[in-house]
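Accompanying notes for the structure given below.
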There are 2 protein chains.
Amino acid sequence: MVQFVHPARDDITLAGVLAALADPMRLRIVRSLLQEGDCLSCTAAAPCPDIPKSTLSNHFRVLRDAGLIQTTKKGVEHRNVVREADINARFPGLLKAILKHADA
Amino acid sequence: MVQFVHPARDDITLAGVLAALADPMRLRIVRSLLQEGDCLSCTAAAPCPDIPKSTLSNHFRVLRDAGLIQTTKKGVEHRNVVREADINARFPGLLKAILKHADA
DNA sequence: TTCAATAGTCCCATATTTCCGAACTATTGA
DNA sequence: TCAATAGTTCGGAAATATGGGACTATTGAA
């Protein structure tokens, strides 16, 4: 049984998306989620290993609150997915335009 | 003689641009600058008349620091221009993609 | 079972950032 | 010279972000 950690918010706002992605760490999280299989645990998607987990958890919460990711719980770890379809439906082309310029 | 209020910063960053435009008020300022002649004074570009001027000044400083606008001084007022060419050169398509979804 | 390990969340104190009133500066026009 | 206008700057209060530590949930092993 798939269990949502938090209900996916359905009112994705432009300001929310921009603010969420304005943070370099969160932008990298989204990039790695999209690149490497799209369904990573929080620690697996973390940009660096030495980041405090409470800080990391905060960043994931911001991404969830902005409607950028959806988190499900599977066993002991949380699986994160970028809500690409929802974002593209709401703001066509935006995510792609931003990620295009995120440094590799 | 044209006088730049602050030197235009030449290292426009993605995070800077996103953070600057993540604020609804600043996004509206940029929109009105682009729409209505592109060369407005600070108060003319303000989204609402009752905003404190120190707050407004802060927003313009953030936009300048992000490299989004260039401010010149002409007489008693400051003229603001969106640095469209510079932004498009640095991040092609980004500004347009964001502004496309800014509510009218 | 019970116990340890793992993955995150939650709480809260500190640090940083933003907001805005008030004082200040620069320019113009009377 | 004086008043008015347009912004900036300063500084304290309000809001937000950071991260350490305690807590929860799940799994796997003894």
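Lettering of chains follows the sequences in order, A, B, ..., and the numbering in each one begins at 1. Predicted model only: the values in this text are computed from it and were never measured. Excluded from the calculations below are hydrogen atoms, water molecules and symmetry mates; all remaining heavy atoms, backbone and side chain alike, are included.
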Applying a 3.5 Å limit to both distances, which nucleotide forms a Watson-Crick or G-U wobble pair with C:dA4?
D:dT27
Measuring from B:L99:CG to B:H101:NE2, what's the distance to the nearest 0.5 Å?
10.5 Å
Of the candidate nucleotides C:dA7, D:dA6, D:dT18, which contains the atom at the shortest distance from the side chain of B:V76?
D:dA6
B:I69 CD1 - D:dG7 C1' separation (whole Å)
13 Å
Starting at NZ of A:K74 and ending at C1' of C:dG8, how long is that distance when rounded to a whole Å?
18 Å
Look at the side-chain N and O atoms of B:S57 and state whether any lies under 4.0 Å from the OP1 or OP2 oxygen of D:dT8.
yes
Given atom CG of A:L56 and atom P of D:dA17, what is their separation to the nearest angstrom?
16 Å
Rounded distance in Å - CG (B:D23) to P (C:dT17)
16 Å
Quick check for you: among C:dA7, D:dG21, C:dC19, whose closest atom lies nearest to any side-chain atom of A:E77?
C:dA7
If you check every side-chain atom of A:P52, which of D:dG20, D:dA25, D:dA22 has the closest atom?
D:dG20
Distance check: side-chain N/O of A:R61 vs OP1/OP2 of C:dC11, anything under 4.0 Å?
no
OP1, OP2 of C:dG8 versus side-chain N and O of A:R79: anything below 4.0 Å?
no
Rounded to the Å, how far apart are A:I51 CD1 and D:dA17 P?
15 Å
Crowding at NZ, A:K100 (>12 non-hydrogen neighbours, <6.0 Å):
yes
Phosphate OP1/OP2 of C:dC19: any B:T55 side-chain N/O under 4.0 Å
no
Protein-nucleotide distance (B:H59, atom NE2; C:dT17, atom P), rounded to Å:
16 Å
Round to a whole Å and report the spacing from CG of B:N58 to P of D:dG11.
15 Å
Is the shortest side-chain N/O distance from B:S54 to OP1 or OP2 of D:dT8 below 4.0 Å?
no
Check this one for me: any side-chain N or O of B:H78 less than 4.0 Å away from OP1 or OP2 of D:dT8?
yes
Nearest to the side chain of B:K73, which nucleotide is it out of C:dT9, C:dC19, C:dT27?
C:dT27
Would you mind reporting whether A:L95 and A:V82 have side-chain heavy atoms less than 4.5 Å apart?
yes
Over how many whole Å does the gap from A:L63 atom CG to C:dT9 atom P extend?
11 Å
Could you check whether A:R90 pairs with A:D86 (Lys NZ or Arg NE/NH1/NH2 to Asp/Glu carboxylate O, under 4.0 Å)?
no
Heavy-atom nearest pair, B:G67 first then B:I12, reads O-CD1, 3.7 Å
